[in-house]
Protein chains: 2
Amino acid sequence: MNIEKFIKNKKIKLTDARISILEKLFAAHRPLSYNDIKEHISMDKATFYRNIIKFQEEGLVSSFESNDKNRYFEITKSPHPHFICTSCNIIECVQEPVVFDLDGYQIEDIILKGKCESCVNVK
Amino acid sequence: MNIEKFIKNKKIKLTDARISILEKLFAAHRPLSYNDIKEHISMDKATFYRNIIKFQEEGLVSSFESNDKNRYFEITKSPHPHFICTSCNIIECVQEPVVFDLDGYQIEDIILKGKCESCVNVK
DNA sequence: ATATCTTTGCAACTCAGTTGCATAAAAGTC
DNA sequence: GACTTTTATGCAACTGAGTTGCAAAGATAT
Ligand SMILES: [Mn+2]
Ligand SMILES: [Mn+2]
Ligand SMILES: [Zn+2]
Ligand SMILES: [Zn+2]
């Protein structure tokens with residue numbers, strides 16, 4: 001995916017800092033925290049978080065809070081659930097759809113917690 | 001529910017601090033954070049968190065991380081999903097079961113995020 | 001009584017994320 | 001070009017939830 005194309009008709013200037021964040025998120029197969037990518041980007045963390053907030057305001061990036069007190073970010077794709085392992089804290093995107101409807105409520109996101117394939121076989 | 005009975009055959013001494021935490025959690029219809037109950041208990045927050053950790057080790061209390069950076073605690077009941085409103089941050093226990101199975105994984109907890117009944121009607 | 005173990009309060013600490021402020025880089029105006 | 005206004009960045013200081021070290025208090029055991 002081309003970043004200039006991705007950013008089209010969003011009101012965001014494409015700075016070097018922003019490009020490097022978006023590139024990292026595009027390359028990932030799962031949501032990433034600031035911690036996950038801070039080695040691979042050069043900006044100050046204030047710049048990182050301020051840009052992430054912009055991305056979210058424009059709907060380019062989504063995020064959620066995990067168990068480990070970190071916030072995880074990913075490029076906004078078609079909605080899908082996420083799995084968080086309560087043993088190793090790994091986070092995975094879930095492809096299988098979870099059908100669920102709660103009367104009067106509008107569900108936007110689903111987070112499943114439990115033991116991942118690796119951790120379920122360890123005691 | 002009687003607290004002495006609830007605590008039976010758990011290796012936990014029932015101190016005043018512990019009783020007041022458990023009473024508050026028993027009376028609640030939804031998970032509570034330290035912030036929610038600190039006005040109604042008298043202990044130091046270190047004591048609160050240390051006791052909560054004990055409760056969780058004994059399986060008496062469960063918890064999860066919300067959007068607002070706070071941890072929410074409730075008496076462990078039969079597993080059920082929780083709903084977190086992304087507008088007003090209210091947390092509710094969901095009674096309707098969410099059926100979902102992920103091959104090789106062990107699901108322990110389900111968190112639904114979205115707009116609650118009040119917030120879905122406001123723009 | 002005295003020794004041992006557990007709980008508590010206080011203060012200091014940790015760590016992710018935020019904010020104020022000064023500088024730097026863009027963008028707009030003439 | 002020069003000048004003004006807006007936006008982005010880095011740094012340091014701050015915030016707030018939760019944790020930890022330590023000494024005092026309470027409880028349990030012998
Ligand atoms: Mn995902
Ligand atoms: Mn509940
Ligand atoms: Zn795992
Ligand atoms: Zn709401």
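Naming convention: chains lettered A, B, ... in sequence-line order (proteins, then strands); numbering from 1 in each chain.
Between B:His80 and B:Glu74, some side-chain heavy-atom pair lies under the 4.5 Å cut-off. Inter-residue side-chain proximity for B:Val94 and B:Phe83 is flagged as met; some heavy-atom pair is nearer than 4.5 Å. Between B:Asn51 and B:Tyr49 the shortest side-chain heavy-atom distance does not fall below 4.5 Å.
With rounding to whole Å, A:Ile21 atom CD1 is found 12 Å from D:dA8 atom P. Going from atom CD1 of B:Ile37 over to atom P of D:dG18 covers 11 Å, rounded to whole Å. If you measure from atom CD1 of A:Ile19 to atom C1' of D:dT9, you get 15 Å, rounded to the nearest angstrom. Remark: P of D:dT15 and OH of A:Tyr49 are 18 Å apart, rounded to the nearest angstrom.
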- Per-nucleotide protein contact along nucleotides 2-12 of chain C, 5' to 3', at a 4.0 Å heavy-atom cut-off (B base, S sugar-phosphate only, - neither), is ----SSBBB--

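For the residue pair B:Asp36/B:Ser33, the side-chain donor-acceptor check at 3.5 Å is satisfied. Under the 3.5 Å distance criterion, with hydrogens and angles disregarded, no donor-acceptor pair is assigned to the side chains of A:Ser66 and B:Glu65.
Within the structure, the side-chain hydrogen bond (donor to acceptor under 3.5 Å, both in side chains) test picks out the following pairs touching residues 107-116 of chain A (sequence neighbours left out): A:Asn67-A:Lys113, A:Thr86-A:Lys115, A:Glu108-B:Thr86, A:Glu108-B:Lys115, A:Lys115-B:Glu108.
The cluster map of Ile, Leu, Val, Met, Phe, Trp and Tyr, joined by side-chain heavy atoms under 4.5 Å apart, puts B:Phe64 and A:Ile107 in different clusters.
Residues B:Phe6 and B:Phe26 bring their aromatic ring centres within 6.0 Å.
Within residues 62-71 of chain B, the residues having any heavy atom closer than 4.0 Å to DNA chain D are, in order of number, B:Lys69, B:Asn70, B:Arg71.
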